[in-house]
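The analysis underlying the following values was restricted to heavy atoms, covering all of them including side chains, and did not include hydrogens, waters or symmetry mates. Letters A, B, ... mirror the listed sequences (proteins, then strands); counts begin at 1.
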There are 2 protein chains.
Amino acid sequence: MSHTPGVRLAQKRKTRQALLDAALALLEEQSLSSLGLREVTRAAGVAPTAFYRHFRSTADLGVALVEEALGSLHPMIRTTVSPAEGSDERIARAVELIAGHVAAHPAHVRFVARERHGGVQPVREAIREQLVRSAGEVRDELAKDPVSAGWSEADLLMLAGLYVDQMLATASLFLETLQAPEEERRRAADTATRQMRLISVGRRHWLD
Amino acid sequence: MSHTPGVRLAQKRKTRQALLDAALALLEEQSLSSLGLREVTRAAGVAPTAFYRHFRSTADLGVALVEEALGSLHPMIRTTVSPAEGSDERIARAVELIAGHVAAHPAHVRFVARERHGGVQPVREAIREQLVRSAGEVRDELAKDPVSAGWSEADLLMLAGLYVDQMLATASLFLETLQAPEEERRRAADTATRQMRLISVGRRHWLD
DNA sequence: AATTTCAGAGAACAGTTGTTAACTGCATGG
DNA sequence: CCATGCAGTTAACAACTGTTCTCTGAAATT
């Protein structure tokens with residue numbers, strides 16, 4: 001118990017997290033491409049030069065944000081499709097799960113939706129990579145389902161990609177209606193639910 | 001024939017178009033949120049102050065770009081879904097139509113995909129507005145189809161929205177694979193085709 | 001032919017940016 | 001306990017930003 005081997009590293013991580021948090025907050029009203037180094041350090045309450053102790057550039061910080069944001073989105077996507085799927089109650093629960101995640105981590109969802117096609121190439125790449133991995137996991141879940149019997153590998157991946165895209169689109173839609181009146185939010189959830197239902201109807205009749 | 005009432009306005013429009021073109025080119029490697037006024041005028045070959053004769057701000061220019069970009073995307077989306085849809089050849093033709101549009105107007109597609117969720121609110125709004133209108137037109141086309149007999153108004157709009165999103169996702173996918181080897185492009189087109197097929201299978205069995 | 005209009009240029013402003021260098025102080029490992 | 005490592009600070013730089021005011025020249029109007 002003589003020395004806690006981390007007082008220094010702990011402080012470093014704290015500052016790093018402050019930079020990430022400050023950046024994420026600033027990114028609610030702009031794109032990563034326009035995020036300034038000084039802007040971030042100012043918001044985080046540190047000197048501009050301290051930035052370099054953690055990141056090479058704002059693009060580099062963006063890549064770190066991708067890991068943080070999709071580290072929470074990842075399991076969500078996975079669990080959304082995991083319960084066999086098919087019955088309407090399960091789809092409804094999946095939509096609620098997405099809505100809950102958006103309510104809990106709105107900044108993360110916004111960041112991913114915004115930078116997925118954004119102006120910073122390394123960040124786009126990092127997001128794409130994570131989504132491809134998510135699609136792979138979704139494919140594995142789909143493969144377990146008896147409904148997928150007889151499906152080709154390519155078709156499983158095709159459907160997995162469709163699901164991932166649809167989840168992101170749904171999350172983005174919920175994000176837009178976050179501050180909207182209750183009725184509009186309900187309508188959005190209803191539309192998203194029916195879209196997922198239609199996709200799974202298509203899934204059930206795919207091999208006809 | 002004494003005076004051509006447009007020599008002046010024609011020159012103004014020419015400069016305006018030069019600004020729009022320069023901006024669109026610059027936006028291939030960044031987001032609108034980081035696009036500078038001076039940067040645009042420099043690329044367009046005019047003085048910085050000339051910018052104000054045409055746009056209030058870069059956000060304002062962005063809104064103008066939305067109209068230009070979706071003025072060409074609009075009819076494409078509409079015609080894609082217009083031929084009754086259902087048979088596989090027609091879906092394949094629709095996918096080819098999208099691929100052709102992406103190849104012909106890559107910068108416009110990139111702009112819309114990037115700024116749809118981008119950091120400039122008025123531009124997001126303008127894009128959303130146009131996409132809502134597109135969805136409305138798609139709904140009208142779907143309603144003409146005998147397959148849609150017995151569908152509620154809400155379900156028609158739900159499907160129209162799904163189609164519009166899917167078209168944009170497909171266009172964005174094609175954009176990424178624009179410079180990729182032939183085989184990868186073929187795979188992307190194949191996946192997109194099957195995704196649309198699955199959606200229309202779901203459509204045909206929706207009322208079961 | 002004289003007058004007005006107006007797109008674009010030029011110069012200057014205060015403020016911001018990313019990056020460098022040299023520093024300070026404290027937790028760490030010997 | 002002391003020497004080292006290193007997170008964070010301070011100061012300074014050249015370059016760039018959006019915006020203002022003033023001016024110019026040619027097209028448009030009368």
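C/dT16 atom P lies 11 Å from atom CD of A/Glu39, rounded to whole Å. Regarding B/Tyr52, its OH atom lies at a distance of 12 Å from the P atom of D/dC21, rounded to whole Å. Atom CZ in B/Arg56 sits about 11 Å away from atom P in D/dT19, given to the nearest Å. Rounded to whole Å, the distance from CG on B/Leu19 to P on C/dG8 is 8 Å. When rounded to the nearest whole Å, the span between CG of B/Asp60 and P of D/dT19 equals 12 Å.
Applying the side chain to side chain contact (heavy atoms under 4.5 Å, CB included) test to A/Glu89 and every residue at least two apart in sequence or in another chain returns A/Ser87. By the side chain to side chain contact (heavy atoms under 4.5 Å, CB included) test, A/Glu29 pairs with no residue at all, sequence neighbours left out. Considering only residues two or more places apart in sequence or on other chains, B/Asp155 meets the side chain to side chain contact (heavy atoms under 4.5 Å, CB included) condition with A/Arg194, B/Trp151, B/Ser152, B/Met158, B/Trp206.
Across all strands, B/Arg42 comes closer than 4.0 Å only to sugar-phosphate atoms, never to a base (heavy-atom distances).
In plain terms, the two heavy atoms of A/Met167 and A/Ile77 that are nearest each other are SD-CG2, 3.8 Å.
A salt bridge links B/Glu125 with B/Arg128: the distance from a Lys NZ or Arg NE/NH1/NH2 to an Asp or Glu carboxylate oxygen falls below 4.0 Å. Under the 4.0 Å criterion applied to side-chain N and carboxylate O atoms, B/Glu115 and B/Arg124 are not assigned as salt-bridge partners.
For DNA chain D, no neighbouring residue in residues 21-31 of chain B is found when judged by any heavy atom under 4.0 Å.
Inspection of the B/Ser34 and A/Ser33 side chains reveals an N or O donor paired with an N or O acceptor under 3.5 Å.
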Base versus backbone protein contacts along nucleotides 6-12 of chain D [heavy-atom cut-off under 4.0 Å; B, S, -]: BBBBBBB
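Pairs engaging residues 11-25 of chain A under the side-chain hydrogen bond (donor to acceptor under 3.5 Å, both in side chains) rule: A/Gln11-A/Thr15, A/Gln17-A/Asp21, A/Gln17-A/Glu68 [sequence neighbours left out].
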